[in-house]
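Okay, structure first, notes after.
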Amino acid sequence: MPIPKLYNTLTRSLESVVIRNGKVGVYCCGPTVYDVPHAGNARAALVPDILVRLLRSLGLDVTYVRNITDVDDKILDRARKSGTSPLELSGGMAKVYQDLMAQLGCLQPTVEPKVSENIAEIVALIGQIIERGSAYVVERSNGTRDVYFSVRSFSDYGKLSRRKIDELRVGARIERDEEKSDPLDFALWKGASADEWGWDSPWGRGRPGWHIECSAMSGRYLGHGFSVHTGGMDLIFPHHENEIAQSEAAQPGSGPLAQCWLHNGFLNVDKEKMSKSLGNFVTVPDVLKRNDPEGFRWFLLTAHYRAPIQLDTETLADGRVTFPSIDEAERRVDYLYSTVERLAELPARSSEQVITLPKELQPFTRSTTDNVQAAESSLLDDLNTPVALAALGELLKSANELCDLKLKRRKDPAFVRAVEIPGFTLDTAIRQVTGWLGLLQSSPAEYRERTRRNRADRRGLSTDTIQGMVNERETARRERDFARADALRDGLLNLGVSVKDTPSGSVWSIGA
RNA sequence: GGCGAGGUAGCCAAGUGGUCAGGCAUCGGUUUGCAAAACCGCUAUACGCCGGUUCGAAUCCGGUCCUCGCCUCCA
């Protein structure tokens, strides 16, 4: 069985995924749910999704954990401002996140743990770290107690981000906190007074610190030393560095927290990192207002996961913002669905038939196999989705070529029947590759309905009106009144609607 | 200052020590009532800059310029 190779941030090299008894654990650092997810959150969810699909297609038993951080100071602040309770806010945002990721075709994780439901595990882990001498309790002036992790007690600190403890003190802005014994130490537990949001613990009421939840939840659901831990590049330091310190300090001698650390690059908007202050912040709902979710997915797959991906925006005359590169990706998804639909029109395969393929059809089998292999080996090689998409493109081209060939030779019944053989092979191949990529998750009819409706809405058109004009044009064509038919078509084209005349009638579509 | 990513044809984007990435756009063709879609073909002497290694480098080495990110919450 081929084993996927991934770039491990910890060793800065390509390594085979570590499998234990046919099992693989994948932990994805999910979002802190204080707001709707942004475009970058989508990318971070998509990367492990591709990995999990690939691993499962190899027959491996994958436990996929994607956490929801629903306890955090940002959530508390937002809740205060909007007059709701923190868990009400984060619960709602978590649902939004889950719904949007599902729309983007991301697999449902095996487990989607929340911090608020893992407080006992977090408290137990903190206790273990204290016992090992790597954390200490500090009493604050208001009577509450914090627990801090002692960075200097963990000799491997900095191994993931390649930072040296002593260099961290220079230049960096480390908040002075008189209660910590070392400015580098970070909170495992933050004390809270009786009227504040919190849970009881051996150190009094409080809330978990930022990093401890991932250590507790990955430990609970995957155990120590699981296969792959994923997240955005910006989590390398301090989040993942601290996770490693906590988990490994809690269980000295039990090896690394995770075998492989996989980090995805940023999604930049107009060449810069998204940030609210720059005003280039793009949320997933912003994208889906304008593009089909599968188009967005295709777009995210056009760049290698570790490379930054550029999301360019264009502001229309009416002030609306569009994403030209996602539009382009969406046109490729149109092509995917229209090709699959065409392929379905080929003669149905009858299994008992044994036909010697005509010479013209022979190359199809070979190139189909080659392209499936190209797609698979590129994904096995550090999830190279752009190359896999190129291979998929070749398959789609072959499928159209085959359909064109059948059309050209339609008077030759033996040939038409023979077409079913490569047609079936191609259909299977396309489904296999799109399965790895999480594309083609609807039927062509569903996709057409969905995009027609959404694109019509976006342009302020009604599908009934369009259908009416198309019908009118068909009547004109039947009467061979081409001047009128063309005028109607031009009118539709001005609305952004293109009409395709086929033997079975006119089909219309709205451009992405 | 420390750590890191990247600079590839008009644009997006892979890859690699020695005939092809791929997509978009453009142009020509097949097809069509004309189109659209689809397919075929053409196109750019592509690899930031300067040196070096080599029979041969965009690919390896040295230097250099530029862009971006992390080091503080961030996917």
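Since the model is a prediction, treat every value here as computed from it, not as a measurement. Convention: sequence-line order gives letters A, B, ...; per-chain numbering from 1.
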Is it true that [X] and [Y] have a side-chain N and a carboxylate O under 4.0 angstrom from each other?
| X | Y | answer |
| --- | --- | --- |
| A/Lys74 | A/Asp77 | no |
| A/Arg455 | A/Asp334 | yes |
| A/Asp73 | A/Arg78 | no |
| A/Glu213 | A/Arg207 | no |

For [X], answer base if it contacts any base atom (sugar-phosphate contacts may also be present), sugar-phosphate if it contacts only those atoms, and nothing otherwise; contact means non-hydrogen atoms under 4.0 Å.
| X | answer |
| --- | --- |
| A/Ser325 | nothing |
| A/Met233 | nothing |
| A/Arg43 | nothing |
| A/Asn384 | sugar-phosphate |
| A/Glu272 | nothing |
| A/Leu267 | base |
| A/Gly40 | base |
| A/Arg473 | base |
| A/Phe237 | sugar-phosphate |
| A/Arg342 | sugar-phosphate |
| A/Arg332 | sugar-phosphate |
| A/Ala391 | nothing |
| A/His304 | sugar-phosphate |

Q: Kindly determine whether A/Asp146 and A/Lys180 satisfy salt bridge (charged side-chain N to carboxylate O under 4.0 Å, His left out), including the steps that lead there.
A: CA-CA 9 Å; A/Asp146 293 340; A/Lys180 289 195 231 175; over 6 Å; no
Can you tell me, in whole Å, how much space there is between the [atom1] of [N] and that of [M]?
| N | M | atom1 | result |
| --- | --- | --- | --- |
| B/C60 | B/G15 | C1' | 16 Å |
| B/U53 | B/U59 | P | 14 Å |
| B/C47 | B/C20 | P | 15 Å |
| B/U31 | B/A44 | P | 28 Å |
| B/A21 | B/A9 | P | 13 Å |
| B/U16 | B/A58 | C1' | 9 Å |
| B/C70 | B/A75 | C1' | 13 Å |
| B/U26 | B/C11 | C1' | 12 Å |

Q. If you take all heavy atoms of A/Trp436 and A/Val372, which pair is closest and at what distance?
A. CZ3-O, 3.9 Å
Rounded to whole angstrom units, what separation is found between the [atom1] atom of [X] and the [atom2] atom of [N]?
| X | N | atom1 | atom2 | value |
| --- | --- | --- | --- | --- |
| A/Arg489 | B/U32 | CZ | P | 15 Å |
| A/Leu492 | B/A35 | CG | P | 18 Å |
| A/Ile236 | B/A5 | CD1 | P | 10 Å |
| A/Glu341 | B/A36 | CD | P | 20 Å |
| A/Leu379 | B/G15 | CG | P | 12 Å |
| A/Arg480 | B/U32 | CZ | P | 13 Å |
| A/Asp501 | B/U32 | CG | P | 13 Å |

Q: For the residue pair A/Trp261 and A/His240, categorise the inter-ring angle as parallel (less than 30°), tilted (30 to 60°) or perpendicular (more than 60°).
A: tilted
Q: Take the angle between the ring planes of A/Phe149 and A/Phe186 and call it parallel below 30°, perpendicular above 60°, tilted in between.
A: parallel
Identify which nucleotide among [options] has an atom closest to any side-chain atom of [X], counting heavy atoms from C-beta outward.
| X | options | value |
| --- | --- | --- |
| A/Arg12 | B/G4, B/A13, B/C34 | B/G4 |
| A/Lys273 | B/C73, B/C70, B/G33 | B/C70 |
| A/Pro308 | B/A5, B/C34, B/C3 | B/A5 |
| A/Ala390 | B/A13, B/C34, B/A21 | B/A21 |
| A/Val387 | B/G23, B/A21, B/A13 | B/A21 |
| A/Ser498 | B/C24, B/G33, B/A36 | B/A36 |
| A/Leu235 | B/A75, B/G33, B/A5 | B/A75 |
| A/Arg163 | B/A36, B/A14, B/C71 | B/C71 |

Q. For the base of B/G2, is there a side-chain donor-acceptor partner from A/Arg162 under 3.5 Å away?
A. no
Q: Only one of A/Glu446, A/Arg342, A/Glu294 passes side-chain hydrogen bond (donor to acceptor under 3.5 Å, both in side chains) with A/Tyr337; say which it is.
A: A/Glu294
Nucleotide N/O of nucleotides 39-43 of chain B paired with protein N/O under 3.5 Å:
{"from": "B/C39", "atom 1": "OP1", "to": "A/Tyr335", "atom 2": "OH", "distance (Å)": "2.4"}
{"from": "B/C39", "atom 1": "O4'", "to": "A/Asp404", "atom 2": "OD2", "distance (Å)": "3.0"}

(Q) Using side-chain heavy atoms (C-beta onward) and a distance below 4.5 Å, is A/Leu288 in contact with A/Gln103? (A) yes
Q | Pairwise 5' ranking along RNA chain B for A/Gly231 and A/Glu394, keeping only the more 5' one | A | A/Glu394
Q: For A/Thr302 and for A/Glu328, find the nucleotide of RNA chain B with the closest heavy atom, then tell me which residue's nucleotide is more 5'.
A: A/Thr302
[N] - base-pair partner by Watson-Crick or wobble geometry, distances under 3.5 Å:
| N | answer |
| --- | --- |
| B/U31 | none |
| B/U64 | B/G48 |
| B/A57 | none |
| B/C3 | B/G69 |

Q | Centroid under 5.5 Å and tilt under 30°, A/Phe482 to B/G33 | A | yes
Q.
Could you go through A/Asp490 and A/Arg473, starting from their C-alpha distance and side-chain angles, then the distance that decides it, and tell me whether this counts as salt bridge (charged side-chain N to carboxylate O under 4.0 Å, His left out)?
A. CA-CA 11 Å; A/Asp490 287 346; A/Arg473 179 171 168 274; over 6 Å; no
Q: Return no unless some side-chain N or O of A/Lys500 is found under 4.0 Å from OP1 or OP2 of B/U32.
A: no
Q | Sole candidate of A/Asn384, A/Thr385, A/Leu262 that passes side-chain contact (heavy atoms from CB on, under 4.5 Å) when paired with A/Tyr305 | A | A/Leu262
